[in-house]
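Every chain is numbered from 1, with letters handed out A, B, ... down the list of sequences.
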Amino acid sequence: MSNAPVTPPSAPNDFIRDIVKADLESGKYKSPVTRFPPEPNGYLHIGHAKSICLNFGIAHEFGGRCNLRFDDTNPTKEEIEYVESIIADVKWLIAGWADDRLGYKAAGTVPETKDGDFYQPAVVAAGFTPASQPGNAPVKGAATEPFYASDYFDALYAYAIELIRRGKAYVCDHTADEVDQMRGAPDRPGENSKYRDRSIEESLKLFVAMKNGEFPDGARTVRAKIDMASPNIWLRDPLIYRIRHASHHQTGDKWCIYPLYDFAHCLSDYIEGITHSICTLEFEVHRPLYDWILNALELPRPLPHQYEFAKLIPTYTIVSKRKLIQLVNDQVVAGWDDPRLPTISGLRRRGIPASAVRQFAYNIGVTKYNSVTDIAVFEHCIREDLNKRALRRLAVLHPLKVVITNLPADHFEELDAINNPEDVSTGKRKVPFSRELYIEQDDFAEVPPPKFFRLKPGGEVRLKYAYIIKCDEVIKDSSGKIVELRCTADLDSKTGGATSGRKIKGTIHWVSAQHAIEAEVRLYDRLFTEAEPEKDGRDFKTVLNPHSLEVVTGKCEPSLKDATAELRYQFERLGYFALDADSKPGKLVFNRTIILKDAWSKIEKKQG
RNA sequence: UCCCCGGUAGUGUAAUGGUAACACAACGGCCUUUGGAGCCGUAUUUCCUGGUUCGAGUCCAGGCCGGGGAGCCA
């Protein structure tokens with residue numbers, strides 16, 4: 001975004017950054033190398049944003065690097081569409097902030113080998129494609145590309161063979177059901193596979209045969225030989241390779257065996273020279289296995305270490321790939337980038353600046369405590385950001401006609417309006433004013449409730465940047481609906497005028513009827529009516545907000561015809577708005593990013 | 001039931017043995033040509049019990065409560 005820059009947040013403190021700091025001070029590592037390792041089986045969401053901000057934040061603050069790596073070890077669940085959306089989302093989120101810390105590799109390269117050790121160098125920061133240029137996303141075949149666990153399949157295969165050679169892994173012929181049975185339970189030890197002690201040579205031979213496609217899916221697996229009696233179930237001879245005759249989105253039909261997460265992840269980290277491997281709490285019990293594999297191989301370079309933090313759970317939404325897919329497939333929303341979704345592409349389309357997402361990630365902190373984060377914190381960050389950068393404009397979303405009876409029919413003048421009181425450098429603009437206007441229906445009440453200081457019969461209100469008007473007459477149609485207000489203006493009350501200083505309680509926005517341009521305006525609200533949609537096992541579909549989207553045709557001041565997708569707008573007294581991708585010249589479409597804080601609605605609620 | 005990890009105002013987060021603080025929310029007030037923004041104010045907040053210590057949110061022990069863990073998912 002090219003307008004008013006937002007002050008970057010100062011670096012936060014948390015237990016992970018404390019560890020990084022200590023590791024750097026002790027000389028354990030020269031600089032931190034983190035990674036963001038999504039599986040391409042869905043779109044990224046606000047929870048991933050927290051992780052991205054943490055990993056790239058560390059790289060940014062401590063002079064390190066963060067690799068984008070696709071954890072693509074399960075071809076049956078992954079799709080190339082997700083790879084592409086993830087690249088776009090990551091680049092958007094770190095653009096202008098930490099994009100110089102984004103680790104890529106030279107296109108088409110695989111890890112370098114030396115004495116059985118594998119190392120995948122990263123492209124230096126200076127070589128990165130600027131993230132701010134759309135269409136330049138590095139993908140396979142370009143000069144640089146993200147990391148893919150699938151690029152390490154040869155290396156991982158070699159490491160698995162080494163593990164078998166060391167007598168620390170074996171090929172197991174038990175069926176999936178048998179393996180399940182023999183794993184035992186949390187309070188009951190498992191039993192050894194009868195293939196556990198077969199010879200190293202036999203395991204080696206069978207593993208090669210597995211790789212060569214000699215067995216059907218599920219016929220055999222490779223297992224680490226650890227301890228079937230361990231209280232940690234992940235140490236009970238966990239599977240590290242399985243047979244899957246499936247085509248992979250990156251490697252095609254080259255492989256019919258694929259490594260499992262626990263084996264692939266720690267070694268991918270090692271291969272890339274990751275120092276701090278940060279993941280969410282549910283992987284805590286996997287850490288002993290992560291360390292076991294790396295130690296069992298007696299690797300020559302410094303080892304990565306895994307640290308876990310609590311994932312983000314915001315109120316009034318859901319962040320679960322499986323459930324987001326459901327909302328998309330059931331057409332509850334219009335797609336992955338529906339502005340009501342907490343997906344990164346949804347936030348972007350809604351008009352939320354990346355800097356607001358980052359600020360949010362900083363504000364909520366990083367701990368190991370399973371917390372629920374009030375979405376109001378995010379909303380605050382969005383308003384704070386947009387308040388500084390948004391250009392003020394006048395727009396009426398639910399129009400009510402007002403005729404200024406003491407003005408001639410051909411009255412026309414242009415009034416000065418301030419573009420952004422928070423940023424005077426944005427200057428002023430002219431807004432046309434004439435005899436017939438539109439005001440917001442809500443800004444008039446025939447029978448005003450207490451403390452209502454907008455327009456009412458016989459009452460006065462100020463038109464922003466224009467005159468003080470008095471409502472003389474309410475005109476209704478045959479059904480009793482108010483269709484027009486007839487008012488008189490205090491012609492000396494314009495800015496700079498003799499009576500401009502008169503104390504009038506209310507100021508409302510307006511547009512000139514004759515000069516207004518129309519726009520489709522999509523009014524988005526929270527997707528759910530409950531703070532915790534799935535509390536106590538409730539089905540989230542039963543608490544969908546039926547008013548999460550309202551589409552209106554708004555009357556906008558004419559300058560809005562030049563609105564751009566890059567800029568952000570505040571429709572005065574209403575909220576923040578951004579041009580939608582559906583917008584075309586002559587057919588404006590705005591998304592409401594978020595409403596302004598609304599003190600009146602609270603008063604109204606209290607009054608019942 | 002077994003293993004692992006947590007518990008600080010309403011919600012989050014800080015305080016790294018030395019006066020418990022910050023943000024959001026809520027509620028007052030000031031200001032305002034956005035009922036926005038801004039400014040000022042409002043809270044017997046450390047799960048319980050015991051121990052160590054001159055001193056404990058922090059260290060130790062036991063308990064209570066919550067979360068995670070038995071995919072050929074990640």
### Message
Is it the case that the side chains of A:R35 and A:S277 hold a donor-acceptor pair, with the cut-off being a distance below 3.5 Å and no angle test?
### Response
yes
### Query
Taking 4.0 angstrom as the limit, do A:R69 and A:D269 come out as a salt bridge?
yes
#### Entry: Separation between the C1' atoms of B:U45 and B:A25, rounded to whole Å
15 Å
### Task
Return the 5'-most residue of the pair A:P421, A:F15 with respect to RNA chain B, ranking by each residue's nearest nucleotide.
A:F15
### Query
Between A:R242 and B:C73, does any side-chain N or O lie under 4.0 Å from OP1 or OP2?
yes
#### Entry: N or O in side chain of A:T367 less than 4.0 angstrom from B:G6 OP1/OP2
no
### For atom CG of A:L235 and atom C1' of B:C2, their distance in whole Å
15 Å
### Message
Closest approach to the side chain of A:R573, judged atom by atom: which nucleotide of B:U34, B:A74, B:C5 is it?
### Response
B:U34
#### Entry: Nucleotide B:U34, atom C1' - distance to CD of A:E572 in whole Å
5 Å
#### Entry: Spacing of the P atoms in B:G51 and B:U58 (rounded, Å)
14 Å
#### Entry: Between B:C22 (P) and A:Q359 (CD): distance, integer Å
18 Å
#### Entry: B:G17 - base-pair partner by Watson-Crick or wobble geometry, distances under 3.5 Å
none
### Message
Under a plain distance cut-off of 3.5 Å, with no hydrogens placed, do A:E79 and A:H249 share a side-chain donor-acceptor pair?
### Response
no
### Query
Would a line drawn from the ring center of A:Y290 to the ring center of A:Y261 be shorter than 6.0 Å?
no
### Query
How do A:I508 and A:R188 order along RNA chain B: which one's closest nucleotide is nearer the 5' end?
A:I508
### Query
If the P atom of B:U46 is compared with that of B:G38, how far apart are they to the nearest Å?
31 Å
### Query
Mind checking the C1' distance from B:G66 to B:A23? Whole angstroms is fine.
24 Å
#### Entry: Nearest-Å distance for atom pair NE2/P, residues A:H380 and B:C24
4 Å
### Task
Considering only atom C1', compute the distance from B:G18 to B:A9 and round it to an integer number of Å.
23 Å
### Message
Counting the atoms with a prime plus P, OP1 and OP2 as sugar-phosphate, which does A:K606 contact under 4.0 Å by heavy atoms, base, sugar-phosphate, or nothing?
### Response
sugar-phosphate
### Message
Between P on B:U34 and CZ on A:R393, what's the gap in Å once rounded to a whole number?
### Response
17 Å
### Task
Would you kindly give the NZ-to-C1' distance between A:K602 and B:G28, to the nearest whole Å?
12 Å
### Query
Can you check B:G71 for me, syn or anti if syn means within 90° of 0?
syn
### Atom P, compared across B:G67 and B:G57: separation rounded to whole Å
27 Å
### Message
Using the P atom as the point on both nucleotides, what is the distance between B:A61 and B:G7, in whole Å?
### Response
16 Å
#### Entry: B:U49 and B:C30, which share atom name P, separated by this distance in whole Å
44 Å
### Query
With no angle test and no hydrogens, is the base of B:U34 tied to the side chain of A:R392 by a donor-acceptor pair under 3.5 Å?
yes
### Message
Under 4.0 Å, counting only non-hydrogen atoms across every strand here, what does A:N363 touch: a base, just sugar-phosphate, or nothing?
### Response
nothing
### Query
Hey, is the side chain of A:T495 pairing donor to acceptor with the base of B:U33 inside 3.5 Å?
yes
#### Entry: B:G71 OP1/OP2 closer than 4.0 Å to side-chain N/O of A:R183
yes
### Message
Closer than 4.0 angstrom, basic N to acidic O: yes or no for A:E532 and A:R538?
### Response
no
### Task
Tell which nucleotide pairs with B:U53, taking only Watson-Crick or G-U wobble pairs whose two distances are both under 3.5 angstrom.
none
#### Entry: Side chains of A:K428 and A:N419, donor plus acceptor under 3.5 Å
no
### Task
Pick base, sugar-phosphate or nothing for A:S371, based on heavy-atom distances below 4.0 Å to the nucleic acid.
sugar-phosphate
### Query
To the nearest angstrom, how far is A:H265 atom NE2 from B:C73 atom P?
17 Å
### Query
Is A:K323 paired with A:E534 through a side-chain N to carboxylate O contact shorter than 4.0 Å?
yes
### Query
Using a cut-off of 4.0 Å on non-hydrogen atoms, how would the nucleic acid contact of A:V377 be classed: base, sugar-phosphate, or nothing?
sugar-phosphate
### Query
Between A:K602 and A:D598, does at least one N-O distance fall below 4.0 Å, as a salt bridge requires?
no
### Message
Counting only Watson-Crick pairs (N1-N3 plus N6-O4 or O6-N4) and G-U wobbles (N1-O2, O6-N3), all under 3.5 Å, who is the partner of B:C39?
### Response
B:G29
### Task
Quick one: label A:Y369 by what it contacts on the DNA or RNA (base, sugar-phosphate, nothing), any heavy atom closer than 4.0 Å.
sugar-phosphate
### Message
Could you check whether the side chain of A:R383 and the base of B:G36 have a donor-acceptor pair of N or O atoms closer than 3.5 Å, going by distance alone?
### Response
no
### Message
Using whole Å, what does the distance between atom P of nucleotide B:A14 and atom CD1 of A:I16 come to?
### Response
11 Å
### Query
Is A:R573 paired with A:D443 through a side-chain N to carboxylate O contact shorter than 4.0 Å?
yes
### Message
When you measure from the side-chain N and O atoms of A:R287 to the phosphate of B:C3, is any distance below 4.0 Å, counting only OP1 and OP2?
### Response
no
### Query
Is B:C22 paired to anything, Watson-Crick or G-U wobble with both distances less than 3.5 Å, and if yes, which nucleotide?
B:G12
### Message
Applying a 4.0 Å non-hydrogen cut-off, can you work out what A:D217 is touching in the nucleic acid: base, sugar-phosphate, or nothing?
### Response
nothing
### Message
Counting the atoms with a prime plus P, OP1 and OP2 as sugar-phosphate, which does A:E284 contact under 4.0 Å by heavy atoms, base, sugar-phosphate, or nothing?
### Response
sugar-phosphate
### Message
Does B:C72 have its OP1 or OP2 closer than 4.0 Å to a side-chain nitrogen or oxygen of A:T175?
### Response
no
### Query
Under 4.0 Å between a side-chain N or O of A:K597 and OP1 or OP2 of B:G35?
no
### Message
So, does A:R322 get its side chain near the phosphate of B:A74, meaning an N or O under 4.0 Å from OP1 or OP2?
### Response
no
